[in-house]
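A short write-up of the structure that comes next.
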Amino acid sequence: MQRILLFLMACLFTVQLQAQTLTSPDKNLTFKFELKEKGVPTYQLTYKKKPVIKPSTLGIETKDVASFLDGFTVVKTELQSVNDTWEPVLGEQKTIRNNYNELLVTLTQKAQKDRTIRLRFRLFNDGLGFRYEFPKQKELNYFVIKEEHSQFNLAGDHKIFWIPGDYDTNEYPYTTSKVSEIPGLQKKATVQITAQTPIKEPSVQTPSMMKSSDGLYINIHEAALINYPAMDLEVDAKTLRMKSHLVPDAVGNKGYMQTDAQTPWRTIIVSDKATDILASKLILNLNEPTKYKDVSWIKPVKYIGVWWEYFVAGKSTWAYGTENNVKLDQDFSKLTPNNRHGATTQNVKRHIDFAAEHGFDAVLVEGWNIGWEDWIGNWKENVFDFVTPYPDFDVKELQRYAASKKVKIMMHHETSASATNYERRLHPAFQFMVDNGYNAVKTGYVGQIIPRGEHHDGQWMVNHYIHVANTAADYKIMVNSHEAVRPTGLNRTYPNWIAQESARGTEFEAMGGLAPEHTTILPFTRLMGGPMDYTPGIFQTDLSIYGHGNRVNTTLVKQLAYYVTMYSPLQMAADMPENYLRFPDAFQFIKDVAVDWDDTYVLEAEPGDYVTTARKAKGKDEWFVGGVTDENPRTATVNFSFLPKGKQYIATIYADGADASYDKKPQSYTIRKVVVTPGSVLKQKLASSGGLAISIKEGSKKEVKDLPKL
């Protein structure tokens, strides 16, 4: 590890610095900090001399003390350069480089008895991170944030991929437009969702992905969201100005701070190559290393589940009884069975058998515990206890049976957004898991938050999600959270928080469908913050066979490609087992594909259009490629130069059939094997909303002898 500290300027009390410039290690990015008239902090950013962010102001407005907006004087600046590496517990790369130049500016407000704050800026080769810091001092102890005023003044009317600003949900479909068109499209973009609180002003959520007319790709988000509300972005369509908009609490305040303290990092990732955006590790680098002393129990997971049948089959329900008014202290064995309960001992055993036969690590079981009869829509606090099974779910027998098959059962804790109830019951719930052989939990927060008036993305809930992850670590339990605040790279600090949903995932294919372009946008938006439990692998994409009016808007092969293009160390084969048995040759890719990686190569990408990615499996000489396209058929280009030289490899290519399309023949596919070397290049046609999946292994002379060479 190499760490060079260069303190070039310090204790400049007599001369106020008007401007300070910082360049990225590769010199492509230039950052400028300056105090404007009335002591207002401003910054600007350019990439290869092209403007990215025009001069923009910084500040924090407060309710109970004087605001941090103006009247500042620079008293000290410090420069630092860092170039080192670190290894994530789970990730897209075995080793991540952390290389940046830093400017730390200390400011005082003379009118507030020399009250001090610091602005810290880190400039990487792929972008900028900055945050506000509040040192412990005599004149500043506690304060309440009214609003953060971080501006992002755009240099043009960019193309933007966005979802509307909201305090409670990130499960909106994406809209593609010009920045100036956002106000006129806001109402249409704000579709109905179970629990939502749209922002009144024209606004978007982060990660916000844009492309300028002169070819720059710009992504705005945040990193290390801890003890602070999430940030949306208000949009001024006339001036092309974006400004931070924090999620409020039940009484309208944005945040409660005690020094010393800091905000999350505000991040701006920029490049003239779309592939560089997807390859960026800036957000992870801005998060703190984990403090867990033992991480050996944190493992990648490939799983199936009692799940998709609830959405499409019509034969199963989460609830056991027909009643719609239940209490946790009643005898649930006396309910009237609806005879459609999915989480039965028999059904779970069937899934365990399938998992064991096909090499899956775990089986998720939803609907195993009492309380589902009236779990949603009632703003009910004591809705689940997380330890009491329904009468037809035998915990001990399933523990024994799963262990005999060397398969784990994955716990499900739907909270119905009653976070208070969950926190009261958290320790007994996790102890129940330990006692019965569970090492991973899927949490859910469907509905309106309790404490009533709080929001999914406010400071209180941000702290709740971290509390759950920290507490789970004490029990050596991994967490996969759904309906939680969008991720900001905290999977580095809390590596047992291995995945989140926090976006519109596969379940929405059964609730109106997802646009073919959706998963060509998600890697540039939601996945910038961390792994997503997208739940791919749907083979029966025409849902009409279940009497369902919807379809999954992809080909079968595109579902295979997701295991590579949508990174997560937690990957589900989400379809029902019987559908995989109908296509065993295609199912082989899901069985083979890795979920943890030594390296990642983004081969080609364009937000909203296509993504092609290759990855090397962790600790193995195996590689996998995934490629997806939107509604437009295209030819993907796969350059195999990422393979080691001097060897021949067998590539098994899963491709859309010549007549394939997502809406007419989604299950048309071909599988062929060819010999490839680092000099090989594949040109492969992808159907409308289609895909490409490739598994690659080293081949012996005998194995490659009769195969065609690419």
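Only heavy atoms go into these numbers, but all of them, side chains included; no hydrogens, no water, no symmetry mates.
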**OP:** Take Leu216 and Val52 through the test side chain to side chain contact (heavy atoms under 4.5 Å, CB included) and record every step on the way to the result.
**Re:** CA-CA 8 Å; Leu216 289 186; Val52 179; 4.0 Å; yes

Counting N and O atoms only, with roles assigned by atom type, does the side chain of [X] sit under 3.5 Å from a partner on the main chain of [Y], one being a donor and the other an acceptor?
X	Y	result
Trp162	Ser208	no
Asn285	Arg97	yes
Trp265	Leu286	yes
Ser177	Glu181	no
Ser502	Ala484	yes
Asn101	Thr23	yes
Asn491	Ala499	no
Glu222	Met231	yes
Thr415	Ala417	yes
Thr259	Leu140	yes

Can you check whether [X] reaches [Y] side chain to side chain, under 4.5 Å on heavy atoms?
X	Y	answer
Asp609	Thr520	no
Pro41	Leu119	yes
Leu128	Arg266	no
His456	Tyr445	yes
Thr275	Leu603	no
Ile199	Pro164	no
Tyr256	Asn227	no
Asp126	Val270	no

[atom1] of [X] to [atom2] of [Y]: how many Å apart, nearest 0.5 Å?
X	Y	atom1	atom2	result
Leu185	Lys178	CG	NZ	13.0 Å
Glu501	Asn480	CD	CG	8.5 Å
Phe68	His149	CZ	NE2	12.5 Å
Met242	Thr206	CE	OG1	10.5 Å
Ile269	Met209	CD1	CE	9.0 Å
Glu148	Thr62	CD	OG1	12.5 Å

Classify the side-chain pair [X]/[Y] by whether it contains a donor and acceptor separated by less than 3.5 Å.
X	Y	result
Ser67	Glu61	no
Ser150	Tyr132	yes
Asn253	Lys146	no
Asp168	Thr197	yes
Ser481	Trp497	yes
Tyr172	Asp166	yes
Ser203	Glu234	no
Tyr217	His158	no

With a 4.0 Å cut-off on N to O distance, would you call [X] and [Y] a salt bridge?
X	Y	answer
Lys211	Glu606	yes
Glu171	Arg504	no
Lys281	Glu92	yes
Arg486	Asp457	yes
Arg634	Glu604	yes
Glu454	Arg452	no
Asp272	Lys48	yes

**OP:** Sort out for me which residue in Arg131, Arg120, Arg118 forms a salt bridge (Lys or Arg N to Asp or Glu O under 4.0 Å) with Glu102.
**Re:**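 Filter result, single survivor: Arg120.
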
**OP:** Check the pair Val235 / Val204 against side chain to side chain contact (heavy atoms under 4.5 Å, CB included), numbers first and verdict last.
**Re:** CA-CA 7 Å; Val235 178; Val204 299; 4.3 Å; yes

**OP:** Measure up the His518 and Tyr174 rings against each other and bin them: parallel (under 30°), tilted (30 to 60°), perpendicular (over 60°).
**Re:**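 Judged by the thresholds at 30° and 60°, the geometry between His518 and Tyr174 is tilted.
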
Original post:
What is the ring orientation for Tyr167 with His455, classed by angle as parallel under 30°, tilted 30 to 60°, or perpendicular over 60°?
Top reply: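 Because their plane-to-plane angle lies in the 30° to 60° range, the rings of Tyr167 and His455 count as tilted.
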
**OP:** Go through the steps to decide whether Asp157 and Ser180 satisfy the test side-chain hydrogen bond (donor to acceptor under 3.5 Å, both in side chains), and finish with yes or no.
**Re:** CA-CA 6 Å; Asp157 191 7; Ser180 62; 2.6 Å; yes

Original post:
Hey, is CD on Glu201 packed in by over 12 heavy atoms from elsewhere, all under 6.0 Å?
Top reply: yes

Original post:
Is Lys50 atom NZ crowded by more than 12 heavy atoms from other residues, nucleotides or ligands, each under 6.0 Å away?
Top reply: yes

Original post:
Of Thr263, Ile466, Val462, which meets side chain to side chain contact (heavy atoms under 4.5 Å, CB included) against Leu225?
Top reply: Val462

Original post:
In a check of ring-ring contact (aromatic ring centres under 6.0 Å, His included) between Phe33 and each of Phe130, Phe121, Tyr43, which one passes?
Top reply: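 Running ring-ring contact (aromatic ring centres under 6.0 Å, His included) over Phe130, Phe121, Tyr43 with Phe33 returns exactly one hit, Phe121.
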
Would you name the heavy atoms of [X] and [Y] that are closest together and state the gap between them?
X	Y	result
Ala561	Gly627	CB-O, 3.4 Å
Thr519	Tyr562	OG1-OH, 2.9 Å
Thr613	Val564	O-CG1, 3.4 Å

Original post:
Does the side-chain hydrogen bond (donor to acceptor under 3.5 Å, both in side chains) test come out yes or no for Glu288 and Thr493, once each step is laid out?
Top reply: CA-CA 6 Å; Glu288 292 297 315; Thr493 310; over 6 Å; no

Original post:
Taking it one step at a time, do Tyr662 and Thr541 satisfy side-chain hydrogen bond (donor to acceptor under 3.5 Å, both in side chains)?
Top reply: CA-CA 8 Å; Tyr662 79 92; Thr541 56; over 6 Å; no

Original post:
Between Tyr142 and Gln258, does a side-chain hydrogen bond (donor to acceptor under 3.5 Å, both in side chains) hold up when you go through it step by step?
Top reply: CA-CA 5 Å; Tyr142 300 89; Gln258 178 183 356; 3.3 Å; yes

